[in-house]
K.L.:
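Before I ask anything, here is the structure I am working with.
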Amino acid sequence: MNGLTCFGHRIPTKQLVGGLVFWLIIATVLWTTRNMPMYEEGAPGPRFMPVVLSVLFSVLNVFYWIESATKAAADEASDDRNLLRPLAFLSIIILLALCWETLGAVVTVFACAFLELRFLEHHSWVKSIVAGFIISAVALVLFQVVLGVALPGGVFESLSYIRF
């Protein structure tokens, strides 16, 4: 099988399988958190963030398939490397999940954003560092100010108690 043809465009098999793996992960997260409350006492509950991430990853997965289907056909050698990119993104997601509590949310978000921008997107060191700081600062403000939820502090536990 050389992939799936949809609306006159072909999604290569490796991108199709990679996307299906992401759908399986999304379904697993939603299934395993189905009994958790979305909201507790007017605040986001333990299921809130997994659902938000599942929706965002679903949208990202659709864009991934659209990009795969609409880009110019690549030769077979470069098609073999296309599987590495989704695996690298999946590795960053796993790193994010594993380090969230121990290193803390701010440090983990910075590290994952930096790794993605520098090594997967090939941005400069300065752009990757600056963007990583901005993304982690936005995450801190979003949770602390907008949602009023303390992020795991990890090595910087004092950051989880900052109130604006």
Side-chain angles (χ1 to χ4, degrees), residues 11-12 14-26 28-30 32-33 43-72 74-75 77-164:
I11 300 173
K14 291 180 181 178
Q15 283 80 1
L16 181 64
V17 170
L20 290 174
V21 168
F22 276 113
W23 285 113
L24 181 64
I25 292 169
I26 290 165
T28 302
V29 167
L30 291 175
T32 58
T33 62
R47 189 166 194 237
F48 182 80
M49 199 60 182
V51 169
V52 169
L53 289 174
S54 295
V55 169
L56 293 175
F57 283 130
S58 297
V59 171
L60 182 65
N61 199 26
V62 169
F63 285 136
Y64 174 66
W65 276 345
I66 290 171
E67 179 188 23
S68 296
T70 58
K71 72 178 184 179
D75 60 273
S78 68
D79 192 42
D80 290 339
R81 290 186 305 241
N82 285 340
L83 186 59
L84 293 178
R85 190 167 175 87
L87 288 176
F89 280 114
L90 183 60
S91 299
I92 289 175
I93 292 168
I94 291 169
L95 177 70
L96 181 76
L98 292 175
C99 296
W100 187 259
E101 292 287 333
T102 55
L103 289 179
V106 174
V107 174
T108 303
V109 168
F110 169 77
C112 290
F114 172 77
L115 289 172
E116 193 269 331
L117 291 169
R118 178 66 189 125
F119 298 107
L120 293 177
E121 300 296 330
H122 305 292
H123 289 285
S124 71
W125 286 91
V126 173
K127 282 183 182 179
S128 300
I129 291 170
V130 169
F133 275 122
I134 291 171
I135 291 168
S136 60
V138 166
L140 179 67
V141 169
L142 175 69
F143 279 90
Q144 300 292 103
V145 176
V146 177
L147 297 175
V149 176
L151 290 172
V155 294
F156 297 107
E157 187 63 34
S158 60
L159 286 178
S160 64
Y161 300 106
I162 294 175
R163 296 290 179 243
F164 297 96

K.L.:
Between A113 and G132, which heavy-atom pair has the shortest distance, and what is it?
P.N.:
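Smallest interatomic distance, heavy atoms only, reads CB-CA, 4.0 Å.
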K.L.:
Begin with the C-alpha distance, continue with both residues' side-chain angles, and end with the deciding distance and a verdict on side chain to side chain contact (heavy atoms under 4.5 Å, CB included) for F114 and F119.
P.N.:
CA-CA 8 Å; F114 172 77; F119 298 107; 4.1 Å; yes
K.L.:
Taking C-beta and beyond as the side chain, do L90 and I25 meet within less than 4.5 Å on heavy atoms?
P.N.:
yes
K.L.:
Side chain to side chain contact (heavy atoms under 4.5 Å, CB included), that's the test. Do L115 and L120 meet it? Break it down for me.
P.N.:
CA-CA 7 Å; L115 289 172; L120 293 177; over 6 Å; no
K.L.:
Give me the atom names and distance for the closest heavy-atom approach of P152 to E101.
P.N.:
CG-OE2, 3.6 Å
K.L.:
Mind running side chain to side chain contact (heavy atoms under 4.5 Å, CB included) on L20 and L24 for me, showing each step along the way?
P.N.:
CA-CA 6 Å; L20 290 174; L24 181 64; over 6 Å; no
K.L.:
Decide side chain to side chain contact (heavy atoms under 4.5 Å, CB included) for L53 and V29; before the verdict, give the C-alpha distance in whole Å, the side-chain angles of both, and the deciding distance to 0.1 Å.
P.N.:
CA-CA 9 Å; L53 289 174; V29 167; over 6 Å; no
K.L.:
With a 6.0 Å cut-off on ring centres, are F57 and W23 close enough?
P.N.:
no
K.L.:
Applying ring-ring contact (aromatic ring centres under 6.0 Å, His included), name anything that partners F48, two or more places apart in sequence or on another chain.
P.N.:
Y39
K.L.:
So if I apply the side-chain contact (heavy atoms from CB on, under 4.5 Å) rule between T33 and each of S54, P50, P46, which one comes out positive?
P.N.:
P50
K.L.:
Quick check: do F110 and I135 have side-chain heavy atoms less than 4.5 Å from each other?
P.N.:
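F110 vs I135: side chains apart.
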K.L.:
Where do N61 and G19 come nearest, in terms of heavy atoms and distance?
P.N.:
ND2-O, 3.0 Å
K.L.:
State, to 0.1 Å, how close V109 and S136 come at their nearest heavy-atom pair, and which atoms those are.
P.N.:
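In this case the closest contact between V109 and S136 is CG1-CA, 3.8 Å.
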K.L.:
When you measure from the side chain of R47 to the backbone of L30, do you find a donor-acceptor pair of N or O atoms at a distance under 3.5 Å?
P.N.:
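Pair found, side chain donor or acceptor close to backbone of L30.
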K.L.:
List in chain and number order the residues that pass salt bridge (Lys or Arg N to Asp or Glu O under 4.0 Å) with E121, two or more places apart in sequence or in another chain; answer none if no residue qualifies.
P.N.:
R85
K.L.:
Answer yes or no: is there a donor N or O on one side and an acceptor on the other, between the side chain of T108 and the main chain of C99, under 3.5 Å?
P.N.:
yes
